[in-house]
Amino acid sequence: MVGEQRKKIIIDTDPGIDDAMAIFVALNSPEVDVIGLTTIYGNVYTTLATLNALHLLEVAGRTDIPVAEGTHKTIMNGTKLRIADFVHGKDGLGNQNFPPPKGKPIEKSAPEFLAEQAKLHPGEITVVALGPLTNIALAIQLDPEFSKNVGQIVLLGGAFAVNGNVNPASEANVEAADIVFTCGADVIAVGINVTHQVIMTADDRDKLAASNGKLAKYLCKILGVYYSYHLDAYEIEGVYLHDPTTILAAFLPSLFTYTEGVVRVQTNGITRGLTLLYNNRKRFEEVTEWTDKPSVKVAVTVDAPAVLKLIMDRLMES
Ligand SMILES: O=c1[nH]cnc2c1ncn2[C@@H]1O[C@H](CO)[C@@H](O)[C@H]1O
């Protein structure tokens with residue numbers, strides 16, 4: 001596939017073991033051209049997310065791709081962050097303590113880079129957001145044209161009609177999500193109701209390890225912590241492929257089915273973080289918080305065997 005036909009994507013990421021897998025899948029997919037990584041706290045603090053993003057690009061031999069560092073604070077300027085190092089290890093990459101990367105992030109911040117690239121290539125950039133959505137919300141606030149300029153935002157976020165993974169209400173990425181869901185851009189949300197269907201088993205990991213794929217072998221080194229966490233928290237002998245599944249939605253959307261509607265996010269109280277889709281089936285008498293807000297697409301089903309096979313194949317070809 002020649003350069004021009006590839007979809008330009010920017011991955012907003014908090015690497016993260018499944019983030020590493022998603023980045024590698026994207027780098028090995030002829031359908032897309034990864035034009036930048038932006039970093040955010042979530043699985044690790046933002047500073048470490050930036051180091052890990054640079055490290056992963058060095059592992060993949062793609063130091064030509066710029067990394068823009070994101071915010072260190074929540075959208076409400078909070079500094080008390082919830083960091084999921086218990087899922088990914090203290091270093092975010094399976095406690096391997098890799099040497100620090102040689103590369104440096106670019107001068108521009110993540111929201112500046114996102115707004116700049118969307119303006120430079122109107123309608124052409126797909127932002128794939130794999131972590132908390134603060135950088136995307138900041139880009140929306142920084143540039144009122146961003147929602148119009150960006151081609152599509154494909155985000156991993158929400159737990160539509162299933163329990164969250166932070167608590168029964170909330171999935172891990174939805175802080176700042178209300179701003180993104182209601183910004184008017186073309187948004188596709190892939191929630192854990194979908195990503196929990198895509199499971200890489202221990203056998204699949206053995207296949208990766210036995211392959212000649214350089215990146216597949218690297219991932220097998222870091223996956224141990226992620227498997228232990230899933231055994232502990234969910235009692236499954238496999239791992240959920242949240243981020244790699246979401247990456248595929250950005251360029252192979254037909255692997256999923258979708259519904260459409262207005263999504264709002266509860267921002268306080270015991271159900272803080274709850275994502276609620278209004279399916280447009282009833283005209284309410286009252287004006288509600290969903291009235292006159294733009295609709296987004298929400299993934300409902302996934303062809304899980306096909307998604308798993310694609311992820312495996314692309315990693316083993318690496
Ligand atoms: O139990 C968890 N708590 C917090 N974050 C998690 C957990 N499991 C996975 N992730 C991370 O959050 C995103 C999916 O919600 C994924 O990016 C995953 O790396």
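Atoms within a ligand are numbered from 1 in the order they appear, just like the ligands themselves.
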**OP:** Among all protein heavy atoms, pick the one closest to atom 12 (O) of ligand 1 and tell me residue, atom and distance.
**Re:** A172 CB, 3.7 Å

**OP:** May I ask you to identify, for R82, whether its side chain, its backbone, both or neither come under 4.0 Å of ligand 1 on a heavy-atom basis?
**Re:** side chain

Original post:
Do any nitrogen or oxygen atoms of H88 come within less than 3.5 Å of a nitrogen or oxygen of ligand 1?
Top reply: yes

Subject >> atom 8 (N) of ligand 1: nearest protein contact (heavy atom, Å) >> reply: N165 ND2, 3.7 Å

**OP:** In plain terms, say whether E260 and K297 are close enough for a salt bridge, that is, a side-chain N and a carboxylate O under 4.0 Å apart.
**Re:** no

Subject >> Non-hydrogen side-chain atoms of F251 and S29 separated by less than 4.5 Å >> reply: yes

**OP:** Could you tell me the residue and atom name of the protein heavy atom closest to atom 14 (C) of ligand 1, and the distance to it rounded to 0.1 Å?
**Re:** E171 OE2, 3.4 Å

Original post:
What do we get for N43 next to ligand 1 when only non-hydrogen atoms under 4.0 Å count, side chain, backbone, both or neither?
Top reply: side chain

**OP:** Could you pull out, from Y240, F86, Y229, Y234, the option with a heavy atom nearest to atom 2 (C) of ligand 1?
**Re:** Y229

Original post:
Who's the nearest protein heavy-atom neighbour of atom 13 (C) of ligand 1, and how far?
Top reply: L156 CD2, 3.9 Å

**OP:** Would you mind telling me if ligand 1 is within reach of the side chain of L130, the backbone, both or neither, using heavy atoms under 4.0 Å?
**Re:** backbone

Original post:
What do we get for D243 next to ligand 1 when only non-hydrogen atoms under 4.0 Å count, side chain, backbone, both or neither?
Top reply: side chain

**OP:** Could you verify whether a donor N or O on one side chain and an acceptor N or O on the other, from T301 and T257, lie under 3.5 Å apart?
**Re:** yes

Original post:
Can you list the atoms of ligand 1 that are under 4.0 Å from a heavy atom of A84?
Top reply: 4 (C), 5 (N)

Original post:
Are the aromatic ring centres of Y278 and F284 under 6.0 angstrom apart?
Top reply: yes

Original post:
Sub-3.5 Å donor-acceptor pair from the side chain of W290 to the main-chain atoms of L276, do we have one?
Top reply: yes

Original post:
Any side-chain heavy-atom pair from Q117 and I35 closer than 4.5 angstrom?
Top reply: yes

Original post:
Is D18 in contact with ligand 1, taking contact as a heavy-atom separation below 4.0 Å?
Top reply: yes

Subject >> D203 and K207 ion-paired at < 4.0 Å >> reply: no

Subject >> Aromatic ring proximity, centroids under 6.0 angstrom, H88 and Y229 >> reply: no

